[in-house]
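We're numbering straight along the sequence, starting at 1. FYI, side chains are in, hydrogens and waters are out, and symmetry mates aren't considered; it's all heavy atoms of this structure.
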Amino acid sequence: MKKKYSKELMIGLTVLVTLLIIFFGIDYLKGVNIFKASNYYYASYTNVAGLAQSAPVTVNGYKVGLVREIQYEYDNPGHIKVELSLDRKLKVPSGTKAVLATDMLGTSSIELHMSESKDYHNVGDKLIGVNATGLMDNVTKDIMPAISSMVPKIDSLLTAVTALVTDPSTVNAVKRLDNVMANLETSTRQLSAMMAQTPAIAGDAKTTMSNVKEISKNLTSISNDLAAATAELKKMPLDSTLTNIHSITASLDGVTRKLNSKDSSLGLLINDPTVYNNLAGATASLDSLLQDIKANPKRYIHIKLL
């Protein structure tokens, strides 16, 4: 009997120790240091969304405690009491505010805004609880009304854009723009081809310029020769030469008049047909005589032999 009682006692003690370990282990995992002395203060809030037990309590970003417990205040409807476990060395001035702040991820913590009072709260006092304006609150209060006012304008804009896109003239304009871009691409390729031929054209232009320079040199030489010839002509006695030419022309004119006149032999020969006919007859008679001499030389030539 004694042995059985001792066994049950050991089991009971083991269970008790296990429960104590579990209890204090859970607190330890929550960040509660059971071996560190703490002071407890309270704060009341109307909204503790995102706040959980073991949430940090900070002063200027430094952790000085944690949230020990969260309870609804049944005697003060609409409020939630939060128990704060703070470092025993921390003295809380009177008028200090416990501000509940929420980060972008929705996790809340409590920040102590210390007052400059020389008086301090007693342990267990109730601090001033304040809900800080979070990012989502700013979005709800500032951005959402602006977005709500913009929604009708956006709807009108979308309607106008839809009407513009579905308008046949817009489609035709886009097609014409495609044609213009295609023509521009073709022109660009042609321009590139022309630019590729530019070196050959430049070579031809260089050759042409060389030929032009040669022609210019030749023209310069001809101009110099003409200038020399003009200088020589200036030195010649043109007046006397022209006088001689006029004299020769007058003499030729006189000879021509005499040839045309019947008073001279040449004029009669040229202008009188009778003289021409007589000369022609005499020539014919002389020709007949010569032929007869050739045919009958003995009739006209007598040779006597001694």
Side-chain angles (χ1 to χ4, degrees), residues 15-154:
V15 171
L16 180 61
V17 172
T18 303
L19 291 176
L20 291 174
I21 292 174
I22 292 173
F23 177 77
F24 291 110
I26 292 174
D27 284 344
Y28 181 77
L29 292 176
K30 290 181 179 180
V32 178
N33 190 350
I34 60 175
F35 301 105
K36 185 176 181 180
S38 302
N39 292 330
Y40 295 94
Y41 299 87
Y42 299 92
S44 181
Y45 303 95
T46 57
N47 188 357
V48 292
L51 185 66
Q53 291 184 1
S54 302
V57 179
T58 61
V59 175
N60 297 331
Y62 180 78
K63 183 179 178 181
V64 294
L66 49 82
V67 175
R68 178 70 178 180
E69 189 176 0
I70 302 175
Q71 294 180 348
Y72 185 78
E73 295 186 55
Y74 293 98
D75 56 346
N76 187 14
H79 292 77
I80 297 96
K81 183 172 68 173
V82 177
E83 182 180 346
L84 308 179
S85 176
L86 303 181
D87 189 347
R88 181 169 289 183
K89 296 181 180 179
L90 179 67
K91 294 182 179 181
V92 181
S94 298
T96 297
K97 295 180 180 180
V99 181
L100 192 151
T102 305
D103 58 17
M104 295 181 63
L105 299 178
T107 303
S108 300
S109 61
I110 294 178
E111 299 176 359
L112 296 180
H113 293 183
M114 299 293 192
S115 68
E116 297 181 356
S117 175
K118 301 299 182 180
D119 297 329
Y120 298 96
H121 281 289
N122 295 321
V123 176
D125 284 350
K126 189 173 184 179
L127 305 180
I128 302 173
V130 179
N131 287 90
T133 302
L135 178 62
M136 296 305 298
D137 294 333
N138 293 331
V139 170
T140 304
K141 293 180 181 179
D142 300 333
I143 299 179
M144 289 304 296
I147 293 176
S148 299
S149 62
M150 289 174 61
V151 167
K153 298 179 181 178
I154 294 174

If you compare all heavy atoms of D87 against all heavy atoms of N39, which two are closest, and at what distance to 0.1 Å? O-ND2, 4.3 Å
Not counting sequence neighbours, list each pair that qualifies as a ring pair (Phe, Tyr, Trp, His ring centres under 6.0 Å) and has a residue in residues 51-72. Y72-Y74
Is any side-chain heavy atom of T58 closer than 4.5 Å to one of I110? no
Does atom CG of N76 have more than 12 heavy-atom neighbours from other groups under 6.0 Å away? yes
If every non-hydrogen atom of I128 is compared with every non-hydrogen atom of G95, which pair is closest and at what distance? CD1-O, 4.2 Å
At their closest point, which heavy atom of L51 faces which heavy atom of A55, and how far apart are they? CD1-CB, 3.6 Å
Please examine the side chains of Y120 and V92, heavy atoms only from C-beta on, and report whether any two atoms are closer than 4.5 Å. no
Nearest heavy-atom neighbours spanning A98 and A43: CB-CB, 4.1 Å
Could you check whether any side-chain heavy atom of L86 comes within less than 4.5 Å of a side-chain heavy atom of L112, counting everything from C-beta outward? yes
Quick one: CG on L84 to OH on Y40, what's the gap to the nearest 0.5 Å? 11.0 Å
Taking N47 for its side chain and N131 for its backbone only, find out whether a donor-acceptor pair lies under 3.5 Å. no
Are H79 and T46 side-chain neighbours, meaning at least one heavy-atom pair lies under 4.5 Å? yes
Does any N or O in the side chain of S115 come within less than 3.5 Å of the main-chain N or O of S94, such that one atom is a donor and the other an acceptor? yes
Main-chain N/O of G129 paired with S44 side-chain donor or acceptor, under 3.5 Å: no
Side chains of L100 and V82: does their closest heavy-atom pair fall under 4.5 Å? no
Say you draw a straight line from CZ of R68 to CD of E83; how long is it, rounded to the nearest 0.5 Å? 7.0 Å
Before giving the answer on side-chain contact (heavy atoms from CB on, under 4.5 Å), spell out for Y41 and V123 the whole-Å C-alpha distance, their side-chain angles and the decisive distance to 0.1 Å. CA-CA 6 Å; Y41 299 87; V123 176; 4.0 Å; yes
Worked check of side-chain contact (heavy atoms from CB on, under 4.5 Å) between L90 and M114: CA-CA 11 Å; L90 179 67; M114 299 293 192; 3.8 Å; yes
Ignoring hydrogens, what is the shortest heavy-atom contact between H121 and L127? Give both atom names and the distance. CD2-CD2, 3.5 Å
What pair of heavy atoms forms the shortest contact from S117 to P93, and how long is it? O-CB, 3.7 Å
